[in-house]
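A quick write-up on the structure given underneath.
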Protein chains: 2
Amino acid sequence: MNSLAYAILGVVSRTPVSGYDLGKRLELLWAANLSQIYPILSKLEEKELVRYELIEQIGKPNKKKYYVTEKGTQKLRTWIQEIPAEPIIRDEFIIKFYSIWLTDSEVAIQLLNNRKKIYLKKQQHFSEEVKKMEEDPTIDPTDKTLNHFSRYLLLTRRIRIFQFELDWCDDVLRLINQHN
Amino acid sequence: MNSLAYAILGVVSRTPVSGYDLGKRLELLWAANLSQIYPILSKLEEKELVRYELIEQIGKPNKKKYYVTEKGTQKLRTWIQEIPAEPIIRDEFIIKFYSIWLTDSEVAIQLLNNRKKIYLKKQQHFSEEVKKMEEDPTIDPTDKTLNHFSRYLLLTRRIRIFQFELDWCDDVLRLINQHN
DNA sequence: GCAGACATGTAAGCGGTTACATGATTCC
DNA sequence: GGAATCATGTAACCGCTTACATGTCTGC
C-alpha cells in the first residue's frame with residue numbers, strides 16, 4: 001500500500017469511477033499514469049478494499065466501475081491518522097534558475113516567461129473547476145461535514161499556489177530588468 | 001544525464017565540494033540521498049564533466065573534492081536553455097486532507113497543526129541561511145552578475161513558500177473552528 | 001485521413017529509497 | 001555509552017515513466 005493506493009481509495013470513496021476516470025480525478029491529489037493505476041486497482045480488489053462492476057457500453061469500450069468496500073474506507077480512515085511523509089518537490093526550473101549566472105539575462109527572462117505561461121494555463125484550468133462547483137446548486141462547499149469541503153479548499157489552494165508562482169516570476173523579472 | 005546530474009553540476013560549478021557536502025547543498029535544488037549522489041559523481045567523472053582531487057585528512061576520513069571541467073560548465077549551460085520538465089509535487093498531506101470528511105474534525109486539526117510545526121522548523125532553517133548571506137560582507141546578493149544572486153532568490157523564495165503554507169493552514173483551521 | 005477521447009492492460013527501464021558495510025571523532 | 005558528524009560506497013527493492021498492444025467513435 002503506497003501513497004497512490006490511498007489516493008485512489010480517497011477518490012473511489014467519494015464516487016464510483018473507472019480506472020480511466022481516476023487518471024483525471026487524481027490530478028488534484030497525486031499525478032499518476034494509467035499504467036500505474038490499473039495494476040494498483042487490481043491489487044486493491046484482491047485485498048477486498050474495492051470491488052468493481054462491469055459496465056457494458058455501446059460505441060465505447062466496456063469499463064470497470066470501482067466501488068470502495070467498508071474494509072477500504074476503514075483502511076483509509078486509519079491511514080489518515082498517521083503522520084504524513086514530508087512533501088517532495090521535483091522542479092527542474094529551480095536547478096536551471098540556480099545556474100543562470102552562467103548564461104546571459106535573456107536566458108533567465110525566457111525561463112521565467114515560459115514558467116508564467118505554464119502556470120497561467122494551469123490556473124485557468126483549476127479556476128474552471130472551482131467555477132463548476134460554485135455554480136452547482138446541489139453543492140455547498142462550505143459545509144464542513146461533506147466531502148465537497150476539502151475538495152473545494154484544495155482547488156482554491158491550487159489557484160493560490162499558481163498565483164504565488166506568477167507573482168514570484170514577476171518579482172524576479174522586475175529585478176532582472178532593473179538597471180542599476 | 002538526469003535532472004540530479006545537472007543539479008550536481010550546478011553546485012560543483014559554484015565551488016568545489018565532496019559528495020558528502022553535495023548531499024547538503026542540493027537541499028535547496030533537488031533533494032537526494034548520498035547513495036544516489038556517489039554513483040552519479042563517478043559517471044560525471046567518466047564523462048569528464050567533473051574531475052576530483054583526493055584530500056587526505058587527519059581525524060576524518062579522506063575525501064574527494066570535485067571540480068567542474070570546461071566541458072561540464074558547457075553542458076550545463078546548454079541544458080539550462082532547454083524547456084524544463086513540469087514540476088512534480090508528491091505531498092501525502094494532500095491525500096489525507098482530501099479524505100478528512102471520513103473522520104472527525106480533531107483528525108483534521110492534528111494534521112494541520114503537525115504540518116504547521118514542520119513548516120515552521122523549515123522556515124527557521126532557511127531563514128538562518130539567508131541571515132548568513134546577509135551578514136557576510138563579501139557577499140552582495142543584489143549583484144545580478146554573480147552566482148549569489150540566484151541562490152539568494154531561491155532561499156527567500158523558499159521562506160515565502162513556507163509562509164504560504166503556514167498561512168493556508170491557519171486559514172483552514174479558522175474555517176474548521178468556526179461555529180455555524 | 002488523423003488526432004484525440006474513451007477504455008484496459010503489460011513490459012522494460014530509469015530514478016529514488018532503504019538497508020548494508022566500514023570506521024574515526026565529537027558532543028551530550 | 002550512544003547519537004551525530006564526516007566520508008564513501010554497493011545492493012535490493014519500490015515507484016514512476018515510457019513504450020507497446022488493441023479497438024471504436026467523434027470532430028476537424
Side-chain angles (χ1 to χ4, degrees), chain A residues 1-9 11-12 16-27 29-46 50-66 84-92 94-95 125, chain B residues 1-9 11-12 16-27 29-46 50-66 84-92 94-95 125:
Chain A
M1 290 294 294
N2 55 25
S3 311
L4 179 54
Y6 287 105
I8 289 172
L9 276 183
V11 173
V12 180
V17 278
S18 64
Y20 186 82
D21 250 14
L22 266 169
K24 286 166 194 163
R25 304 221 184 195
L26 284 170
E27 184 193 38
L29 297 185
W30 192 276
N33 295 314
L34 289 169
S35 60
Q36 233 185 322
I37 292 166
Y38 289 123
I40 290 178
L41 277 171
S42 299
K43 273 177 199 167
L44 291 175
E45 204 245 319
E46 259 179 61
V50 299
R51 60 190 167 74
Y52 69 88
E53 192 191 337
L54 251 170
I55 308 281
E56 279 173 63
Q57 299 190 122
I58 31 168
K60 285 178 189 177
N62 294 342
K63 65 176 175 184
K64 290 175 178 177
K65 201 171 171 182
Y66 283 90
E86 287 205 21
I88 294 163
I89 298 169
R90 302 264 174 227
D91 192 350
E92 270 194 0
I94 300 296
I95 305 174
H125 169 66
Chain B
M1 290 295 294
N2 55 26
S3 311
L4 179 54
Y6 287 105
I8 289 172
L9 277 184
V11 173
V12 180
V17 279
S18 65
Y20 186 82
D21 251 13
L22 266 169
K24 285 166 194 164
R25 304 223 184 191
L26 283 170
E27 185 193 38
L29 296 185
W30 192 277
N33 295 313
L34 289 169
S35 60
Q36 235 185 319
I37 292 166
Y38 290 122
I40 291 177
L41 277 171
S42 299
K43 274 177 198 167
L44 290 176
E45 204 245 319
E46 260 179 60
V50 299
R51 60 191 167 73
Y52 69 88
E53 191 190 339
L54 251 170
I55 308 282
E56 280 173 61
Q57 300 188 120
I58 32 168
K60 284 181 190 176
N62 294 342
K63 65 175 176 183
K64 291 176 179 175
K65 200 171 172 183
Y66 283 90
E86 288 206 21
I88 292 164
I89 300 169
R90 302 265 173 226
D91 191 351
E92 270 194 0
I94 301 296
I95 304 175
H125 169 66

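Here is the naming used below: chain letters follow the sequence lines, and residue numbers restart at 1 for every chain. Note that the structure is a prediction, hence the values are computed from the model and not measured.
Summarising the local packing, CD of B/Gln57 is surrounded by more than 12 heavy atoms from other residues, nucleotides or ligands at distances under 6.0 Å.
Between B/Glu45 and B/Lys64 the shortest side-chain heavy-atom distance does not fall below 4.5 Å. Put simply, the side chain of B/Ile40 reaches to within 4.5 Å of the side chain of B/Asn2, judged on heavy atoms. Annotation: side chain of A/Met1 is in contact with side chain of A/Leu9 (closest heavy-atom distance under 4.5 Å).
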Practice task
Please test B/Leu26 against B/Leu4 for side chain to side chain contact (heavy atoms under 4.5 Å, CB included), starting from the C-alpha separation and ending with a verdict.
Solution key: CA-CA 9 Å; B/Leu26 283 170; B/Leu4 179 54; 3.8 Å; yes
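Distance, B/Asp21 CG to D/dG9 P: 14 Å, rounded to whole Å. In this structure, A/Ile40 atom CD1 and D/dG15 atom P are separated by 8 Å, rounded to whole Å. Atom CD1 in B/Ile88 sits roughly 13 Å away from atom C1' in C/dC14 (whole-Å rounding). Rounded to an integer number of Å, the gap from B/Glu92 CD to C/dT17 P is 13 Å. Protein atom CD of A/Glu86 is 12 Å distant from nucleotide atom P of C/dT17, rounded to whole Å. Nucleotide C/dC6 holds its P atom 17 Å from the CD1 atom of A/Ile58, rounded to whole Å. One atom, CD1 of A/Ile55, and another, P of C/dT8, lie 10 Å apart when rounded to the nearest Å. Summarising the geometry, the separation between CG on B/Asn62 and C1' on C/dT22 is reported as 14 Å, rounded to the nearest angstrom.
Residue B/Ser35 has its side chain nearest to C/dT18 when only C/dG16, C/dT18, C/dT8 are considered. Residue B/Lys64 has its side chain nearest to D/dT8 when only D/dT8, C/dG15, D/dA11 are considered.
Here B/Asn33 does not reach the OP1 or OP2 of C/dG16: none of its side-chain N or O atoms lies under 4.0 Å away. An OP1 or OP2 oxygen of D/dT17 is reached within less than 4.0 angstrom by a side-chain nitrogen or oxygen of A/Gln36. For B/Lys60, no side-chain nitrogen or oxygen approaches OP1 or OP2 of D/dC6 to under 4.0 Å. A close approach under 4.0 Å does occur between a side-chain nitrogen or oxygen of B/Tyr20 and OP1 or OP2 of D/dC6. One finds a side-chain N or O of B/Trp30 lying less than 4.0 angstrom from the OP1 or OP2 phosphate oxygen of C/dG16. Taking only side-chain nitrogens and oxygens, A/Gln57 never comes nearer than 4.0 Å to OP1 or OP2 of C/dC6. Distances shown here put a side-chain N or O of B/Lys24 below 4.0 Å from the OP1 or OP2 atom of D/dC6. Within the 4.0 Å cut-off from OP1 or OP2 of C/dG15, at least one side-chain nitrogen or oxygen of B/Asn2 is found.
Applying the 3.5 Å distance criterion, the base of C/dT8 shares no donor-acceptor pair with the side chain of A/Ser18.
Residue whose closest nucleotide on DNA chain D sits further toward the 5' end, between B/Arg90 and B/Lys63: B/Lys63. The nearest heavy atom of DNA chain C to B/Ala32 and to A/Tyr38 marks one nucleotide each, and the one closer to the 5' end goes with A/Tyr38.
Nucleic acid contact class of A/Ser3 (heavy atoms, under 4.0 Å, all strands): none.
Checking side-chain atoms of A/Arg25 against main-chain N and O of A/Ile8 turns up no donor-acceptor pair under 3.5 Å.
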